[in-house]
Protein chains: 2
Amino acid sequence: MKENSLLSDLAAYLFSNSSDNGRTPSERELAEHFTVSRGQIREALAILEAMRIVERRAKSGIYLTTTEASVEAMALFARAGVPLDPILIYETVELRKIHEIKAAELACNRATEENYRRLRDILAASEAKLAGGEGLAREDRDFHLEIVRATKNSVFYRVCSVYYVMGEHRLPIYFADSARSRRSHEEHIRIYEALLARDGNLAQALMSAHLQGAESYWKGLIGGPATAAG
Amino acid sequence: MKENSLLSDLAAYLFSNSSDNGRTPSERELAEHFTVSRGQIREALAILEAMRIVERRAKSGIYLTTTEASVEAMALFARAGVPLDPILIYETVELRKIHEIKAAELACNRATEENYRRLRDILAASEAKLAGGEGLAREDRDFHLEIVRATKNSVFYRVCSVYYVMGEHRLPIYFADSARSRRSHEEHIRIYEALLARDGNLAQALMSAHLQGAESYWKGLIGGPATAAG
DNA sequence: TTCCCAAATCTGGTCATACCAAAAATGCGA
DNA sequence: TCGCATTTTTGGTATGACCAGATTTGGGAA
């Protein structure tokens, strides 16, 4: 990992060391605790503030935000190597299903030749990787995001990108299993064909079934929706 | 506006003043240009990097990122008072429909008494505001987000929050029209009743119709999907 | 003239220090 | 015990300096 560990360490520290009203230690104290300069602390705090994790009140102090932090914050932590709460992983998969099934439908109406070409390229690259016995983490991400891109809704794309930023560390593990990679790849092919036929219902159904695989995988790994629904 | 204008100004400046390879002026040059200290520039750059807008390469320079910036970045700019590209607004509305219609359905299965109570409180507050001739911007946000919260999927909530952060400046304008506020409020009541009856299909349909209003409003204001689909 | 490599320069990363003004904590006096 | 003035703390900001690797530059060799 090359990532910013101060950021996640700081966030963790703030959560553990804040008073009842959410007030955290001062910048100077934090700097001393982490043996870094105040500038470093301020840079990290600026990010945490942008992520709505803390609020900095001039001449008063730093306070934990009561509202929910952004998804970006989750992505940021995931990138920094902080293990994500299993419940959050499950919730993310549920949300991903909602997004990508709808994306598949929209893509059927809006995909251009350019999108189809890129999808073909990605499938070809996947084939090559499979032949070489390599994992499909990158290709999987590219395939799914290309479909979202085909919706021609850039905000949609931005939102969905986050999932893959979050899963950067986990995806390679998922695709380490070559049988799973092969099956996933074949499902991708069928989805591509449905998109090409512009069959919205079929594309939705195939995407739903495809993501069901990932959902089952994570459920099996973490305990399922009973926990998440609590 | 109290917000960080340096951040958006800086972002705009970086986009206008980067070379072919995406390299931007150095921190020292930026500091001089904006007549602030290097520390201020570094703080802003830290945020822009977290948002995947730029990449800072040690001892080399600052480079614009080629991939799509995060939704959070949009929210950040919106908060800073940067007018959002109309196309992005339209795309956001489309995405919001996808999210919230699904949220209404899920909420029918998962809403607890606590959620219902809060929804009632919000509706009561809306009523009071309407009687006083005030706008419903805050109550509208609270109502919609409470439904998302009722899905018991915190990631879902995080994602949807962004829309309202983005719309912080626009929503009050939308609700300045008292007739629109009144109609919106009545639709909220009907949605609440569907949720209470746990009628998923009805809730979806009502939410869809409700958001159609917002969609039409923005379409009328900016030109519609023809532009967005381009 | 062209090409390659060493030296000078530039760049982000980091730290220490200082000053401001307002908020927060303190303590004195009523 | 309470209220207010004083002291301390706190975030916001600026300046200056040093490091080490990346980049650029320029001169010498082919």
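Letters go in sequence order (proteins before strands), and every chain restarts at 1.
Taking a heavy-atom distance under 4.0 Å as the criterion, the stretch of DNA chain D touched by chain A extends 5' to 3' from dT10(D) to dT13(D).
In this structure, R57(A) is positioned above the aromatic face of Y63(A), its NZ or CZ under 6.0 Å from the six-membered ring centre and within 45° of the axis. For R120(A) and Y192(A), the positive end is not near the middle of the six-membered ring at less than 6.0 Å and at most 45° from its axis. Annotation: cation-pi geometry satisfied between R149(A) and Y157(A) (NZ/CZ under 6.0 angstrom from ring centroid, within 45° of ring axis).
Using cut-offs of 30° and 60° for the angle between ring planes, the H144(A) and H188(A) rings count as perpendicular. Between F34(B) and Y13(B), the two ring planes are perpendicular [angle over 60°; tilted spans 30° to 60°].
Between R141(B) and E146(B) no salt bridge is recorded (no basic side-chain N to carboxylate O distance below 4.0 Å). Checked for salt-bridge contact, D142(A) and R138(A) miss the test: no charged N lies under 4.0 Å from a carboxylate O.
Considering only the side chain of R23(B), dT11(C) comes nearest among dA24(C), dT11(C), dG12(C).
Contact annotation for E29(A): backbone-only contact, meaning every heavy-atom pair under 4.0 Å involves sugar-phosphate atoms and none involves a base.
Along DNA chain C, the nucleotide nearest to Y63(A) and the one nearest to E27(B) differ in position, and the one closer to the 5' end is contacted by E27(B).
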Inset, instruction - Treat primed atoms plus P, OP1 and OP2 as sugar-phosphate and everything else as base, then score nucleotides 15-22 of chain C 5' to 3': B for base contact with protein heavy atoms under 4.0 Å, S for sugar-phosphate contact only, - for none. - result: B--BB-BB
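Distance N21(A) CG to dA24(C) C1': 12 Å, rounded to the nearest Å.
Here the closest non-hydrogen pair linking C160(B) and H99(B) is SG-CB, 3.9 Å.
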